[in-house]
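Just so you know, ligand 1 is whichever comes first in the structure, and atom 1 is the first atom listed for that ligand.
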Amino acid sequence: MSAGACAGPRVPPLVQVAVPAPVRSAFDYLAPGDVPVRGARVRVPFGRGTRVGVCLGGVEATGVAPERLRPVGEVLDVEPLLPAGLLELLEWTASYYHHPVGEVVAAALPALLRRGRAAVAGGEPRWALTPEGRSAPAGALVRAPRQAAVLEMLRAAPRGLSGAELAARAGNAWQSALRALRARGWVGPEAVRRSWPEPEPAEPGPPLNTSQAAAVAEVVAAAGGFGAYLLEGVTGSGKTEVYLHLIEDAVRRGRQALVLVPEIGLTPQTVARFRRRLGGGVGVLHSALGEQERVAVWLAARAGELAVLVGTRSAVFVPLARPGVVIVDEEHDPSYKQQEGLRYSARDLAIVRARREGVPVLLGSATPSLESLQNAEAGRYRRLVLPERAGGAADPRLVLVDLRRRPLRHGLSEPLLEALAACLARGDQALLFLNRRGYAPVLICHACGWAATCQRCDAHVTWHRRAARLRCHHCGDERPAPSACPACGQAELRPVGAGTERLEEALADAFPGARVARLDRDSTRRRGALEAVLARVGTGEADVLIGTQMVAKGHHFPRVTLVGIVDADGGLFSADFRATEHLAQRILQVAGRAGRGERPGEVLVQTHHPEHPLLQALVVSGYAGFAAGALAERREAGLPPFAHAALMRAESRTPAGALAFLERAVALASSGLPEDLQMLGPVPAPMERRAGRYRAQLLLLAAGRPRLHAFLEDWLPRVEGLGPAGGVRWSLDVDPMEMG
Ligand code: ADP
Ligand code: ZN
Ligand code: ZN
């Protein structure tokens, strides 16, 4: 069996099936007597087993030799499980990201449906007569004896019949008969279990201020068709209120809203706010959902039973019966980009989807990505601005704390400790942000200089003091922390640098009376722990909250008036050209937690580089000033958004394997490299060895997107032709977010 359909002998009838397999095109099969519809799942023989794929439609001819064509095994859906519009989006996604269409389609399905489970919440669908079916005139089906037979069977089964029961009674023809009866409106699925709360009366929100009202009016006025909008407003400026109004408008028009939120943004607070304001009909998709619940929400969205679907990245692939508006909250958030397998950007696909569905799409952020700012600049997005905080709270003030030659106590400087003391004396709350969990990122021997490193990565391991473990944050490897130096036997091992666990200790030291809460992946592993920490802060049971990026988004802590950014230096000198952008966004996101109540907030940023232009721009002219400078730099350097990028990554078990592979890939291209396309590399990845594999990368930059894709279209099959060279694994990342 080979892939694809090209000119060849006619072998009727054939179907193309998107089968999850690492081959980029679809596969041809002999259609069963009952030709499956496009978008329906089918079980097909594949290799020595079977797989569940999705039918892409009939084809006239195939390149597969007749004796090698195999028949579709079983048709799993009577109706398309993936509606036409969504299936087209998935095909577009496969071609844009140069990824196997079968894997793209599979990625769009909840796991249970991917495995072939019946497309109904809670198990097998049961088919029953509709009121019209019950009153169908006798003799109406004299010329369709199979339909008449199925109609009679269902008349005799008031609780409906499952597919298996119908097959047992009516044989193989039940599916086509059932389809015909459904087309007449005489048969339908039995009501399915709902897993979301029943509608409650919605709570009204505050009246919109002028800029909010203008933003809503502009999008609503254009709601009949596609339009892309960038809603810029600092944290607390009332963006979520704008979303809620746009959603209400869509729902009033009988349409559904799709709301994408970043992973860390989908907090219980956010969900509760949406449910409170919109009443029932809000479905939520997130990674912690059970498989059954996921299917139920997915099917309800597809059936149009949900008014609003709120979800993280993968929700962009959920079918909607009547889409009305698409909203992407915190559009700059890196979690919209999937970093493995199908490396898609849900933010970018939201735009593509909205255009295909002919609905408006709104991207919201306090710190828009440089891509989106440039799109607005170029007139592709309409820019909507909320200039001030909605509740009348003042913007927090940013202050740089110069760490040079200052003593630090477990990572905290004197000015920050003083500000903390003042904050606690006022009875306010403080927030300390440090994007590093554990006690210390490095453990060294004071006698001989030995440092604890990971055996599988080019990295230090983090000391988790309470657990007495050394953990690698890159590969997950861990081992007990030694009590003496493994190299020289001396017992004086010292932590270098600070993580959140160490800050906790520093605060207990400096402020014995303060109640400290910590929010990071370690402190929230247990179910319910996250909610417990948030509740302690919310009710004022904690005075100081220490946290990683988990604190950055979605929480309202009105009594926080001091924010400390403990380490701003990490992102300043990175090999990744996006690092400064992400640092600026993160500083402002965290800063946005301060002073959301009546009192203004103060933000202290600790750095060894107070003169750095990025930090200066942020302090002096805020995000807009930073972004203008950063965009000018990108333009100068010919980097995205002024160029289009793709990153090829390779990894191997041997030190030179990945680099050698990429060199061969480059050689395949050198003859046909268009002038305006650059290949930079290959070079070793910033962390060359990770989880025992050696990694290298090759960056492609092109001025024009079509040029880049035309080149990839031609080049990738040749790279595939290199075969599994010495166990090298490689992947392509279109529009990469991380260089490494
Ligand atoms: P954002 O999403 O930009 O962070 P929110 O929509 O969450 O902002 O609004 C921040 C706070 O201000 C919320 O408590 C919200 O209820 C309140 N708020 C928003 N808009 C208004 C308004 N027009 N009048 C009064 N309060 C408002
Ligand atoms: Zn030692
Ligand atoms: Zn490791």
Report the residues that fulfil side chain to side chain donor-acceptor pair (under 3.5 Å) with Arg353, sequence neighbours left out, ordered by chain and then residue number.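 So Arg353 forms a side chain to side chain donor-acceptor pair (under 3.5 Å) with Glu357.
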One residue to check: [X]. Relative to ligand 1, which of side chain, backbone, both or neither has a non-hydrogen atom less than 4.0 Å away?
X: Val234; answer: backbone
X: Ser237; answer: both
X: His245; answer: neither
X: Thr240; answer: both

State whether [X] and [Y] are salt-bridged, where the test is any N-O pair (Lys NZ or Arg NE/NH1/NH2 against Asp/Glu carboxylate O) under 4.0 Å.
X: Arg382; Y: Glu218; value: yes
X: Glu501; Y: Arg465; value: no
X: Asp458; Y: Arg690; value: no
X: Arg347; Y: Asp333; value: no
X: Arg729; Y: Glu651; value: yes
X: Arg649; Y: Asp733; value: yes
X: Glu478; Y: Arg471; value: yes
X: Arg518; Y: Asp520; value: yes

Short N/O distance, under 3.5 Å, between [X] and ligand 1?
X: Arg273; answer: yes
X: Gly233; answer: no
X: Gly236; answer: yes

Proximal protein heteroatoms (N, O or S) of the Zn ion (ligand 3), under 2.8 Å: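 Protein N/O/S atoms under 2.8 Å of the Zn ion (ligand 3): Cys454 SG, Cys457 SG, Cys472 SG, Cys475 SG.
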For [X], atoms of ligand 1 separated by under 4.0 Å from a heavy atom:
X: Leu208; answer: 23 (N)
X: Thr235; answer: 4 (O)
X: Gly238; answer: 1 (P), 3 (O), 5 (P), 6 (O), 8 (O), 9 (O), 19 (C)
X: Asn209; answer: 23 (N)

Taking the six-membered ring for Trp, is the centroid-to-centroid distance between His464 and His473 below 6.0 Å? yes
Option set Gln212, Arg277, Glu241, criterion heavy-atom distance to atom 23 (N) of ligand 1, minimum: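 Nearest heavy atom to atom 23 (N) of ligand 1 lies in Gln212.
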Is there side-chain contact between Ser369 and Glu581, with at least one heavy-atom pair below 4.5 Å?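 Sidechains of Glu581 and Ser369: in contact.
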Residue pair His410 / Arg502, side-chain donor-acceptor N/O under 3.5 Å: yes
We want to know whether Tyr336 and Glu330 form a side-chain donor-acceptor pair, criterion being a heavy-atom distance below 3.5 angstrom. no
Got a sec, which residues hit ring-ring contact (aromatic ring centres under 6.0 Å, His included) with Tyr229, two or more places apart in sequence or on another chain? none
Has Pro207 got any heavy atom lying under 4.0 angstrom from an atom of ligand 1? yes
If you compare all heavy atoms of Arg273 against all heavy atoms of Leu244, which two are closest, and at what distance to 0.1 Å? NE-CD1, 4.3 Å
For the Zn ion (ligand 2), how many protein N, O or S atoms lie at less than 2.8 Å? 4
